[in-house]
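Down below is the structure, laid out as structure tokens.
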Amino acid sequence: MKPGDIKAHLKKQHERRQQILEKRRNSKFAKKMAPYYKIMNRFSLPLQALWACIINFIIEALSRHSAIAAWQYMTGTPLVFLYNAGMIFVTLLIAYLVRRRVFTRLIISALWLFLGVVNGVMLAKRVTPFNAQDLKTFTEGLSLFTNYFSVAELVMMGIGVPALLIWLVAMWRRAGQYEGKMQRIPMLIIVVAAFFGYSVLTNVAVDKRIISTYFGNIAFAYQDYGLPYCFSASLFNTGISEPNDYNKDTIEKITDNGEMTESTSDNGVRPNVLFVQLESFFDPIEYEDLQMSEDPIPNLRKMFENYSSGYFKVPSVGAGTANTEFEVLTGMNLRYFGPGEYPYKTKLKNQVCESAATAFSAFGYGTHAIHNNGGNFYSRAKVFNNIGFDSFTSKEFMNILQTTENGWSKDDILLTHIKDALDSTEQEDFVFTVSVQGHGNYPTEKVIENPKITVTGAPTEEKNNAWEYYVNQVYEMDQFAGNLVKMMEERGEPTVIVFYGDHLPTMGLEAKDMKNRYLYNTNYVIWDNLGLQKEDRNIPSYQIMADVMDRLGLHSGTVFNYHQQRRQTKDYLKDLELLQYDILYGDQYVYNGKPPITEGHMQMGIKEVTLTDLVENLDETYSLYGTNFTKWSKVYINDEKQESTFLNNTRIELPDSKLKDGDIITVSQVGSSNTIFRTSSEYIYMNGKILEYTDEVKEQLKKEKEQKNSVKTDGDQQKTENAGQSGEQQDQNNKEEKSGQQ
């Protein structure tokens, strides 16, 4: 294309655009809006400031589920309100960089309002507000939508989101454009300066304690400091900031020149150690207004009376299971991380770190994680590998038959897999189990026809139904706990089991509702058959592992050793922050070049899927037989995924597959996002049967092929010889014929 052609094309495009703009300027809608556009352009900044305040008010009304509560927030803490409105105002300044200013403001406003809607909806379903870490679990969270939202709510979302997009497209076409001269470079400087100035204002607001960089409770922080600030803080403020006095000498002093990294034992006791994290568990009696027809936790109650127990201080309310896990498994305190942060989704997803798994493995323990939910949720498959577990059994490896009315797996299934984990090794085991049965959202209508336990005392019938559902789940969780203890007693092996709740349920509880007047306490108990002395005390989740190991005379893991030696000393928490920073974000001075873990070695699942037979049915479909199939078992033929129907743990139907001799068949356990967690051995299809494609079989098939080729070669050679002989005979006959004629 010639330069002249390009210029002509651009000129034609410009003329066409001018025609479109002229048409829009002369349209009825444009003429009607022209006077308003003039006023808006003349007073755009004060109007934009007012609009930012209106948006902020709507956001807070949505988040608090009350316009009155939003008004009280605005009038009660005006500086906080104006600070958040200022944040919205600064983002709206971007509109001055383009001609479509009205449309740009609509887009930015829609994003802020969408944030408020999402937060309001999530707060209606759980206690924890919407934060940036939820975006990192979005794909996993999609699989749980039906657990949180009704069909009607999902339909409304399905209609509402497209409707909003259609409206925005319509506004893009109809909204007017700024007709004055554009000053993009000066405006860009002003916008950048505004953002920089707002960051300075943020520091001033923190210094004046108008806002805070530490959220003791993210739900309360959103109430106190507003959604715009808290969400942006969760987006940009992650990890542990470098402490002022961080250096090699300080770390060496804290860890006694690295001695805290060593593993030592006071005695020869090596019991199995089982940690069981019960989803949303606490003693319902702690809620003062609730009356129940019988005690929902008779087994755990008996344990509370006879074994070490107390309140268990956790880092979150209503949600945050993975964060309680993090504190228990690493011994690290979450208060030093960013507000609302999940280290599972930020740091541990891509970095190795020592944990209880590496600490116990130092004494020769087998280490196993078990969870009756998806292996990808909160990146557990990656995290458990990065913190040193030998195996992880997620729901993809479980033949789950019983679920709650809300669709969560019941915890009784965990017994089988805990047993499998213990049986998989000859030595002692550390088994970390996370349950899911007690998970919300709790239905406000009566869904259990004949509940084992009836409940009264809640303020409304809807709340009473929710509590009745929850209490009956807790009852079954207690039965699981009792059955686990019974199983371990029957095994006769030295064992310690720690039961605890990860957080309070999503019931809108307030501190005044609780006997202990605190929302961050659940309950724990340490059962054992070793004769350990009963020691009741309240304990935070980041200390429990060190405490249990200390009682067993085991001293391993840098952070656990630190807790055992420094728990009641000066600068305990300050030095803990330094230690956590050095291990996760610093130069790891503590290890002196010899970290306890450099890469993961974890296997998904305990038992391998095996194939035993493949039968062709009369309708030309196939039935695949084997062991350890689950709903998440997917069949592959020559690495191509097949349509399949799971019937039971020994049979899968293949309705559309076509097989021929030599095809390779495998079965994989597949999680969300089509993640393949584990694949069976290869099997080859031959003569209507399957056999494991071992090296011996490969060698045998290779020899058979060579023999066939050899036979074929000999046959071809014989044909050639016969053809040659036939030719010679023909020549002889021709000679004899000629001789006779002569």
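With sequence neighbours excluded, no residue forms a side chain to side chain donor-acceptor pair (under 3.5 Å) with Tyr336.
Under the 3.5 Å distance criterion, with hydrogens and angles disregarded, no donor-acceptor pair is assigned to the side chains of Ser435 and Gln437. His368 and Ser391 share a donor-acceptor pair across their side chains, judged by distance under 3.5 Å alone. Under 3.5 Å, the side chains of Asn516 and Tyr518 contain no donor-acceptor pair of N or O atoms. The closest side-chain donor-acceptor pair between Glu354 and Thr558 falls under 3.5 angstrom. Side chain to side chain, Glu341 and Ser234 fail the donor-acceptor criterion of an N or O pair below 3.5 Å. A donor atom on one side chain and an acceptor atom on the other are found under 3.5 Å apart for Tyr500 and Gln277. Looking at Asp502 and Thr324, their side chains never bring a donor and an acceptor atom within 3.5 Å of each other. Checking Ser308 against Arg551 by side-chain atom types alone, a donor-acceptor pair falls below 3.5 Å.
Remark: Asp207 does not engage Arg209 in a salt bridge, criterion side-chain N to carboxylate O under 4.0 Å. Between Arg335 and Glu577 there is no salt bridge, since no side-chain nitrogen of the basic residue lies less than 4.0 Å from a carboxylate oxygen of the acidic one. Note on Asp423 versus Lys419: salt bridge recorded, some NZ/NE/NH1/NH2 to OD/OE distance being below 4.0 Å. Taking a cutoff of 4.0 Å between a charged side-chain nitrogen and a carboxylate oxygen, Asp547 and Arg567 do not qualify as a salt bridge.
Interatomic distance, CE of Met488 versus CD1 of Ile418, reported as 8.5 Å (0.5 Å rounding). Within the model, atoms NE2 of His555 and CD of Gln565 stand 8.5 Å from one another, a figure rounded to the nearest 0.5 Å. From Met477, atom CE reaches atom CG of Leu300 across 9.0 Å, with rounding to the nearest 0.5 Å. One distance of note links CD of Gln543 with CG of Asp550; it measures 11.5 Å at 0.5 Å rounding. In this structure, CG in Asn373 is found 8.0 Å from OG in Ser409, a value given to the nearest 0.5 Å.
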Q: Could you go through the side-chain hydrogen bond (donor to acceptor under 3.5 Å, both in side chains) check for Asn376 and Ser672 one step at a time?
A: CA-CA 7 Å; Asn376 273 337; Ser672 61; 3.2 Å; yes
Check: Between Gln427 and Tyr365, does a side-chain hydrogen bond (donor to acceptor under 3.5 Å, both in side chains) hold up when you go through it step by step?
Finding: CA-CA 6 Å; Gln427 73 272 32; Tyr365 276 70; over 6 Å; no
Given the rule in the ring pair (Phe, Tyr, Trp, His ring centres under 6.0 Å) test, do Tyr572 and Tyr562 qualify, once you have shown the distances and angles that lead to the verdict?
-> CA-CA 9 Å; Tyr572 164 63; Tyr562 177 84; 5.7 Å; yes
query = Yes or no on side chain to side chain contact (heavy atoms under 4.5 Å, CB included) for Tyr222 and Phe231, after CA distance, side-chain angles and deciding distance?
reply = CA-CA 8 Å; Tyr222 272 61; Phe231 183 85; 4.0 Å; yes
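In terms of heavy-atom proximity, Leu519 sits nearest to Leu504 at O-CD1, 3.2 Å. When all heavy atoms of Val436 and Asn372 are compared, the pair lying nearest together is N-OD1, 3.3 Å. Across Asp571 and Arg566, no two heavy atoms sit closer than the pair O-NH2, 3.6 Å. Nearest heavy atoms, Leu334 versus Asn323: CD1-CB, 3.2 Å.
Under the 6.0 Å cut-off for aromatic ring centres, Phe397 and Phe392 do not qualify, their centroids lying 6.0 Å or more apart. Aromatic ring centres of Phe282 and Tyr311 lie farther apart than the 6.0 Å criterion allows. Outside the 6.0 Å centre-distance limit, the rings of Tyr378 and Tyr344 are not counted as a close aromatic pair. For Phe432 and Phe360, the ring centers are positioned 6.0 Å apart or more. Residues Tyr524 and Phe499 keep their aromatic ring centres 6.0 Å or farther apart.
The side-chain heavy atoms of Asn272 and Val496, taken from C-beta on, include no pair separated by under 4.5 Å. Put simply, the side chain of Ser668 does not reach to within 4.5 Å of the side chain of Ser680, judged on heavy atoms. Contact of the Thr321 side chain with the His503 side chain is registered, since non-hydrogen atoms from C-beta on lie closer than 4.5 Å.
Taking the six-membered ring where tryptophan is involved, the planes of His563 and Tyr542 are tilted, since the angle between them lies from 30° to 60°. Relative ring orientation between Tyr581 and Tyr585 is described as parallel, the plane-to-plane angle staying below 30° on a 0-90° scale split at 30° and 60°.
Asn529 contributes a side-chain N or O that, together with a main-chain N or O of Thr495, makes up a donor-acceptor pair within less than 3.5 Å.
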